[in-house]
There are 2 protein chains.
Amino acid sequence: MSLADLIEKYIKQQIHRSENQAIALSRAELAELFSCVPSQINYVLATRFTLERGYLIESRRGGGGYIRIARVTKADRLSMAERLVLEIGGQISESEADQFLASFHELGVLTRQQVRVIRAILQRETAQIAQGKATLRASLLRSLVMLVMQCAKENEV
Amino acid sequence: MSLADLIEKYIKQQIHRSENQAIALSRAELAELFSCVPSQINYVLATRFTLERGYLIESRRGGGGYIRIARVTKADRLSMAERLVLEIGGQISESEADQFLASFHELGVLTRQQVRVIRAILQRETAQIAQGKATLRASLLRSLVMLVMQCAKENEV
DNA sequence: AAAGCGAAGGTCAGATATGGTCAGAAAAGG
DNA sequence: CCTTTTCTGACCATATCTGACCTTCGCTTT
């Protein structure tokens, strides 16, 4: 078992024991506890406590800084995705669209395959027109994502 | 929890308890209470009691000086924004326009996305003409901001 | 009045305390 | 071997906190 695995197990135990499925920890202290460099903690968080796997990380630097890890439910993620849809502005660039797609994937509302398909559609459609690419891209993205989320909801029932 | 967090919490509690959602305090006394330097209080005010977060600060120096912190409502901020619109002169530079946009964002009447869009429009439109850029910029800015505020009002109802 | 004084609050640069990132080394797995 | 995962360290970003120095205001003394 690697060090990363041990740290993962430790953190999961702490969360499990906690009242509200969320804990706050000090990166430096945790690193001290496991006798490793602080960035090792970031590695564990990045590889094992992703949104996709149901964990939410938030942190603050500076004096009194902390790292908070919270379990999120499927419903939490769906509502986060809904909020994210609202944040798609009137016009977006291709790279912004990619960022949104990555976020939706992380939130577990789009599979990798669906991300690929949507990206292809965006490219094909915006290639057709001379002007207003960013606007078309934004509205298409919104529609497609909402469509997939709609489908997912129906399949649940 | 950092000292700044504690002071923030204390101040919010005081405001909450107050009659009219406003309190007056002495910087020196508050610093004494938390055993810190007075400028720490300024730090807390600057980082946590901004307009954007719904607080209004006013103060006076000299003997009998004070710091007053008041909660401002959404309506208050809207009317402040309206007054701000009137302060846009007949001509403004790009950086002045940016300052206005930042203020409107602080007042919560423009989202970050809307600020970006408006800035883009200003740049695109003023690039079209040789003279009178500052004048066009001022009138466009006024119109666009008023438009957004109008939309916001309608969506409320 | 004008000048001087003490009592507020304001500003800002820099020290301190955290956490973040990334390239590359080391280890593990196939 | 080659690839993937783990691990480290140098360098970066940001929040907090302090202290020296500045500004403003009311009051008192000339």
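Bear in mind the structure is a predicted one, so any value in this text is a computation, not a measurement. Residue numbers start from 1 in every chain, and the chains themselves are labelled A, B, ... in the order their sequence lines are given, proteins ahead of strands.
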Contacts of V44(B) and T47(A) projected onto DNA chain D by closest heavy atom; the upstream (5') one is T47(A)
note: Q40(A), atom CD; dG20(C), atom C1'; distance rounded to Å ~ 14 Å
Separation of dG20(C) atom P from Y43(A) atom OH, nearest Å, is 17 Å
### Task
Could you tell me whether the phosphate oxygens of dG19(D), OP1 or OP2, come under 4.0 Å of any side-chain nitrogen or oxygen in S39(B)?
no
The nucleotide from dT18(D), dG19(C), dG9(C) with an atom nearest the side chain of C36(B) is dT18(D)
- Query: Does a donor on one side chain and an acceptor on the other come within less than 3.5 Å for R27(B) and N42(B)?
  - Reply: yes
S2(B) has its side chain closest, among dT6(D), dT16(D), dG10(C), to dT16(D)
Exercise. What about S26(A): does its side chain form a donor-acceptor pair under 3.5 Å with the base of dG19(C)?
Worked result: no
Considering only heavy side-chain atoms of I67(A), the closest of dT18(D), dT8(D), dG19(C) is dG19(C)
**Asked** Per the atom types in the model, does the base of dA15(D) pair as donor or acceptor with the side chain of R60(A) at under 3.5 Å?
**Response** no
From CD1 of I41(B) across to C1' of dA8(C) the rounded distance in Å is 14 Å
Picking from dT16(D), dG10(C), dG20(C), the nucleotide nearest the side-chain atoms of D5(B) would be dT16(D)
Checking dT18(D), dT14(D), dG10(C) against the side chain of R61(A) (C-beta onward), the nearest is dT14(D)
Of the candidates dT8(D), dG20(C), dT16(D), the side chain of R48(B) sits closest to dT16(D)
From the candidates dT21(C), dC17(D), dC7(D), the one with an atom nearest any side-chain atom of R27(A) is dT21(C)
Of the candidates dG19(D), dT21(C), dT8(D), the side chain of V37(B) sits closest to dG19(D)
